[in-house]
Asks: 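The structure's right below; bear with me while I get my questions together.
Letters A, B, ... mirror the listed sequences (proteins, then strands); counts begin at 1.
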Number of protein chains: 2
Amino acid sequence: MTPVAQMKMDRRKTFNEFISRKRLKSTKQRDVIFEEFFGNYMGRHVTVEELYEDIKRKYPYIGFATVYRTLKLFRESGIASERNFGDGKARYEPIRDEREHHHHMICTECGKIYEFANNQVESCLNQIAKLNEFKLENHKLEIYGLCSSCRESR
Amino acid sequence: MTPVAQMKMDRRKTFNEFISRKRLKSTKQRDVIFEEFFGNYMGRHVTVEELYEDIKRKYPYIGFATVYRTLKLFRESGIASERNFGDGKARYEPIRDEREHHHHMICTECGKIYEFANNQVESCLNQIAKLNEFKLENHKLEIYGLCSSCRESR
DNA sequence: TTATTATTGATAACTAATATCAATTTCATA
DNA sequence: TATGAAATTGATATTAGTTATCAATAATAA
Ligand SMILES: [Zn+2]
Ligand SMILES: [Zn+2]
Ligand SMILES: [Zn+2]
Ligand SMILES: [Zn+2]
């Protein structure tokens, strides 16, 4: 089994456990949305609208509200992250590895989103929080600017 | 003259220059909003609604749209920063010193906002951008968690 | 199978941000 | 200081994204 397939299976397991722990129900719609999201959006940052439009083509009976609610469930169960990059639309990304914490660089010209991680920054933030007697629960770090190709075509 | 009064005068000068450069007009409303914002909100992070409610008490003839538009002008002229801390409402803060770049720690319990600055983080971000051939235009960094007092009362 | 409970999808309601527009104000010019 | 073009104002409407509502339907425990 490929690592990606393995990961998908792990997320499915986590989600199923969440469903039964919370006494929720597993439905056709949730299955479809899971398959689409974890099949086609790995490493991407999709808006609810985008995912809905995508799914609607194959499964026209699935409504927007269901996609919206299911993505919230994915987040709640810890298999997806919700992101907000300042364009007013929430974006969701599948969590690949729970230890893989990362941040984003967003091109203000073409909108492309790049990911990065940096241990030094992370430990700085922990130190800053500690120094201020602040219990760090989470943090948000984004770089906005021009990606290399948009930079050239200026 | 106190440093704060000096700073306020400097911002006023910058704003007046902006007004005349852009061929805009100076009005009673803009004066009132400037005075209120730079008089009472130094070091704070006020929403449009809050500032409007505050001003309305003394100057009931000033409308919400004017406060909203004037804060946009303050930002455009470089005398105020617009912030967004994930509660869906834009917040504005007077720029105290143009060299004083800082970030925020937000208590998820009481909503208090603390500021911090850290050179090491800044140089890390510059390096990360450089490494990815990304032209850093700006960045956003926030720590969310519990402040020391909310932490204790848990 | 049945009864209970959750889910669904259409749509309404909500919120913050922004656009519209006629009346008013500012200000450059005369 | 009068005039007129241009910007501003405040009330209100519109938009966009999110979230709530609810009757019909589907899932599941007993
Ligand atoms: Zn990401
Ligand atoms: Zn981090
Ligand atoms: Zn600040
Ligand atoms: Zn910084």
Asks: Could you tell me how far apart B:Glu50 (CD) and C:dA16 (P) are, to the nearest whole angstrom?
Replies: 11 Å
Asks: Got a list of protein N/O to nucleotides 28-30 of chain D N/O distances below 3.5 Å?
Replies:
{"unit_1": "D:dT28", "atom_1": "OP1", "unit_2": "A:Ser26", "atom_2": "N", "d": "3.2"}

Asks: May I have the distance from A:Leu71 (atom CG) to D:dT19 (atom C1'), rounded to whole angstrom?
Replies: 14 Å
Asks: Is any NZ, NE, NH1 or NH2 atom of the basic residue among B:Arg96 and B:Glu100 found under 4.0 Å from an Asp or Glu carboxylate oxygen of the other?
Replies: yes
Asks: Using atom NZ of B:Lys56 as one end and atom C1' of D:dG10 as the other, report the distance to the nearest whole Å.
Replies: 13 Å
Asks: In a check of side-chain contact (heavy atoms from CB on, under 4.5 Å) between B:Leu71 and each of B:Thr47, B:Thr66, B:Leu51, which one passes?
Replies: B:Leu51
Asks: Heavy atoms only, 4.0 Å cut-off, all strands: where does A:Arg23 land among base, sugar-phosphate and nothing?
Replies: sugar-phosphate
Asks: Go nucleotide by nucleotide along DNA chain C from the 5' end; which of B:Asp87 and A:Ile62 gets its closest nucleotide reached first?
Replies: A:Ile62
Asks: Look at all strands and tell whether B:Lys72 reaches a base, only sugar-phosphate, or nothing, counting heavy atoms closer than 4.0 Å.
Replies: sugar-phosphate
Asks: Atom CZ of B:Arg21 to atom P of D:dA7: distance rounded to whole Å?
Replies: 16 Å
Asks: Mind calculating the distance between NZ (B:Lys28) and P (C:dT24) to the nearest angstrom?
Replies: 14 Å
Asks: Under 4.0 Å between any heavy atoms, over every strand shown, what does A:Arg69 touch: base, sugar-phosphate, or nothing? Just pick one.
Replies: base
Asks: Identify which one of B:Asn16, B:Asp10, B:Thr14 satisfies the side-chain contact (heavy atoms from CB on, under 4.5 Å) criterion when paired with B:Arg12.
Replies: B:Asn16
Asks: If the test is ring pair (Phe, Tyr, Trp, His ring centres under 6.0 Å), which one of A:Tyr92, A:Tyr68, A:Phe37 qualifies with A:Phe74?
Replies: A:Phe37
Asks: Should the pair A:Lys8-A:Glu35 be classified as a salt bridge under the 4.0 Å nitrogen-to-oxygen rule?
Replies: yes
Asks: Considering heavy-atom distances to DNA chain C, does A:Tyr61 or B:Ala65 have its closest nucleotide positioned more toward the 5' end?
Replies: A:Tyr61
Asks: Without decimals, in angstroms, what is the distance between B:Asp31 CG and C:dT25 P?
Replies: 15 Å
Asks: Would you kindly give the CZ-to-C1' distance between B:Arg75 and C:dT18, to the nearest whole Å?
Replies: 13 Å
Asks: Looking only at side-chain atoms of A:Lys89, point me to the closest of C:dA19, C:dT8, D:dG17.
Replies: D:dG17
Asks: Starting from the C-alpha separation in whole Å, work towards a yes-or-no answer on salt bridge (charged side-chain N to carboxylate O under 4.0 Å, His left out) for B:Glu93 and B:Arg44.
Replies: CA-CA 6 Å; B:Glu93 65 172 316; B:Arg44 296 175 61 185; over 6 Å; no
Asks: Starting at CZ of B:Phe64 and ending at C1' of C:dA16, how long is that distance when rounded to a whole Å?
Replies: 8 Å
Asks: Please determine whether a side-chain nitrogen of the Lys or Arg among A:Glu50 and A:Lys89 lies less than 4.0 Å from a carboxylate oxygen of the Asp or Glu.
Replies: no
Asks: Do any side-chain nitrogens or oxygens of B:Tyr68 fall under 4.0 Å of OP1 or OP2 in C:dT18?
Replies: yes
Asks: By nearest atom, which of the nucleotides D:dG10, D:dT18, C:dT7 is closest to the A:Arg30 side chain?
Replies: C:dT7
Asks: Output the single nucleotide from D:dT9, D:dA11, D:dT18 whose closest atom is nearest the side chain of B:Gln29.
Replies: D:dT9
Asks: Assign B:Glu49 to base, sugar-phosphate, or nothing according to its heavy-atom contacts below 4.0 angstrom with the strands shown.
Replies: nothing
Asks: Flag the pair A:Glu82 and A:Lys72 as a salt bridge only when some basic side-chain nitrogen lies within less than 4.0 angstrom of an acidic carboxylate oxygen.
Replies: yes
